[in-house]
2 protein chains.
Amino acid sequence: MPAAARGQARVSEAIVHRIKKQITEGRLLAGHKLPAEREMARQFKTSRVSVREAYRSLEEVGVLRIRRGADGGAFVLQLDHQPVLRSLALVLGLGRTSHRELTEARMLIEPPIARLAALRARREDIVRLQGVIAQEKIEAARRTGPFRPTASRFHRTVADCTRNLPLIVLMNALADLTADAAAVLDVSTRARHRLKNTLFHEQLFEAIRSHDGDAAYAIMAKHVGDIQRRVRHSLARRGQ
Amino acid sequence: MPAAARGQARVSEAIVHRIKKQITEGRLLAGHKLPAEREMARQFKTSRVSVREAYRSLEEVGVLRIRRGADGGAFVLQLDHQPVLRSLALVLGLGRTSHRELTEARMLIEPPIARLAALRARREDIVRLQGVIAQEKIEAARRTGPFRPTASRFHRTVADCTRNLPLIVLMNALADLTADAAAVLDVSTRARHRLKNTLFHEQLFEAIRSHDGDAAYAIMAKHVGDIQRRVRHSLARRGQ
DNA sequence: CGAAGGCAATGGTCCTACCTTTCCGCGCCG
DNA sequence: CGGCGCGGAAAGGTAGGACCATTGCCTTCG
């Protein structure tokens, strides 16, 4: 907060800072509704404009959601990896960065995550992972349904096992970024590899359940490498 | 851009979107000055309020810097890891997340980065790394100067060798976050370990220069582990 | 020649009025 | 009796104007 350090010159920044603070301190939780603009302006003895600037800034960052109409207002969002995803997408230029780089980054960080997950997984994590795999099988049998949501859900659940918030956030952000880019995969390719995916996931699950970190590392490395190769072929076929 | 997808309902969001696009497309470069608020309002046939909301949002994200006074205005910033750092700091709650988790994340991703750096490093990278180490030695001899900037500069330069933008950005953001937290280290501890640091850096440099990925991985793993242990002791001594 | 003061451009804030969207409830009509 | 529709109320969205604060530049005066 560079401007804030320069003396909180702006009213709107003071409001932004206060709200951020209340959120990080847990005094403002997801779903809470902030005072209406007019009300907030009255409380801060300022104008609606300044309040609006604060609210709009926080909305752009991904902290608030502003809704219009009766019973509208500014609502606090669940603080997940969304803000990080947004800023990453912005910095990476949404296209200036190749899909190759993104998957490469995943290739680098997912295996160590898998290892840590295997070492840290508790019983409830095992149950969750099992549930995700079961869900995958059901959807694979149906041969329908969207590929994306479940495909990365397993990876995200693995990351959760690490109980390391920075890692979980970065992992989810990267997963979302690559998922957007992976939309290039045609339907036939997806179907052909869905079974293979699930097999990999089952192997990884076994490694995690038996707390075998090195095995989890190796399996994940192979798995992500496979995904990378697959996408690259698909991109090459389309001319890219 | 969820709201934008809902039909660009808001004027300010249209402006935000347009500016972001111009930046990612390279039509707006760092240092460029955006039109004055009144001028921009005239161009968009709207009011100053909407323009201000757009500018302020972009400033909060870290894309613009707004200055007052004659020759003031909205200036495009160099798009580095800053936005990612900000959003990460917000999501991690600036304190809710322990320093342990942050260094753990670095421990996980830095060794693979070092390996990739060793495999990819070109001649100019070697030269840069050499320069950073030389700088470190000079400052170590002086026994003065700030520890932080040079300490992480080596790590950042290593990350640059990977030529993988996502990795570089994430690495820098994490480095900044841990640097803030590492301010707890007292001066004597820093001085005592400065030499040790440089030794590690020289070993790593040799591994990178000879393109020995596995060696780079091992050295970096040991190095980061050492830093982590050091900070943890320091925290324990202070009662955390 | 140099320093002080005024000028102009630009952002920062405030005010006020009015529009748009949305929910909710009342009342009309079937 | 019940469903449907319309209008009021509440909230955000926009507009335009006025004035203050800041800062660089330029003129003017000592």
Side-chain angles (χ1 to χ4, degrees), chain A residues 1-20 23 28 30-77, chain B residues 1-20 23 28 30-77:
Chain A
M1 277 137 270
R6 290 200 314 276
Q8 294 269 339
R10 286 188 283 214
V11 178
S12 60
E13 263 174 15
I15 301 177
V16 165
H17 188 253
R18 198 182 107 142
I19 295 175
K20 274 189 178 177
I23 290 178
L28 263 180
H32 280 193
K33 179 181 171 180
L34 270 63
E37 292 180 355
R38 291 170 175 85
E39 168 63 19
M40 196 68 163
R42 208 176 51 75
Q43 282 184 23
F44 269 82
K45 299 196 190 309
T46 180
S47 71
R48 258 184 82 199
V49 180
S50 300
V51 176
R52 280 183 55 74
E53 284 177 9
Y55 281 14
R56 294 302 315 284
S57 294
L58 289 171
E59 192 188 29
E60 184 67 26
V61 174
V63 172
L64 297 182
R65 165 71 191 282
I66 298 175
R67 286 210 308 264
R68 278 197 285 191
D71 234 66
F75 297 86
V76 180
L77 292 178
Chain B
M1 280 138 270
R6 290 201 312 276
Q8 295 268 342
R10 285 188 285 211
V11 179
S12 62
E13 263 173 16
I15 301 177
V16 166
H17 188 252
R18 197 181 108 144
I19 295 175
K20 275 189 177 177
I23 290 178
L28 264 180
H32 280 193
K33 178 181 171 181
L34 270 65
E37 294 178 352
R38 290 170 175 85
E39 168 63 19
M40 195 69 162
R42 209 176 49 75
Q43 281 185 25
F44 269 84
K45 295 192 194 310
T46 179
S47 71
R48 254 185 85 197
V49 180
S50 301
V51 176
R52 280 183 56 73
E53 285 177 6
Y55 281 14
R56 295 301 316 284
S57 295
L58 289 171
E59 192 189 28
E60 184 66 27
V61 174
V63 173
L64 298 182
R65 164 73 191 282
I66 299 175
R67 287 208 308 263
R68 279 197 283 190
D71 235 66
F75 296 86
V76 180
L77 291 178

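Proteins get letters first, then strands, A, B, ... in listed order; numbering begins at 1 in each.
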Take A:Gly69 and A:Arg48, find for each the nucleotide of DNA chain C with the closest heavy atom, and name the residue whose nucleotide sits nearer the 5' end.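 Here A:Arg48 is the residue nearer the 5' end.
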
Residue whose nearest DNA chain C nucleotide is more 5′ - A:Ser47 or A:Asp71: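 The 5'-side residue here is A:Ser47.
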
Assign B:Arg67 to base, sugar-phosphate, or nothing according to its heavy-atom contacts below 4.0 angstrom with the strands shown.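 Sugar-phosphate, backbone atoms only, no base.
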
Chain B on DNA chain D: first and last contacting nucleotide, 5' to 3', under 4.0 Å to a heavy atom?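 First-to-last contact on DNA chain D, by the 4.0 Å heavy-atom rule, is D:dG13 to D:dG24.
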
Is any side-chain heavy atom of [X] less than 4.5 Å from a side-chain heavy atom of [Y]?
| X | Y | value |
| --- | --- | --- |
| A:Val51 | A:Arg38 | no |
| A:Met40 | A:Thr46 | no |
| A:Gln43 | A:Glu39 | yes |
| A:Ile15 | A:Phe44 | yes |

Along DNA chain D (nearest heavy atom to each residue), the more 5'-positioned of A:Ala74 and B:Phe44: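 Counting from the 5' end, the first nearest nucleotide belongs to A:Ala74.
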
Pairwise distance [atom1]([X]) to [atom2]([Y]) - rounded to 0.5 angstrom:
| X | Y | atom1 | atom2 | result |
| --- | --- | --- | --- | --- |
| B:Arg56 | B:Ile66 | CZ | CD1 | 6.0 Å |
| B:Glu59 | B:Arg52 | CD | CZ | 9.5 Å |
| B:Glu53 | B:Arg48 | CD | CZ | 12.5 Å |

Range on DNA chain C touched by chain A, heavy atoms, distance below 4.0 Å: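 Using the under 4.0 Å cut-off, the span is C:dG12 to C:dC23.
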
Stepwise side chain to side chain contact (heavy atoms under 4.5 Å, CB included) check, A:Tyr55 with A:Leu64: CA-CA 7 Å; A:Tyr55 281 14; A:Leu64 297 182; 4.3 Å; yes

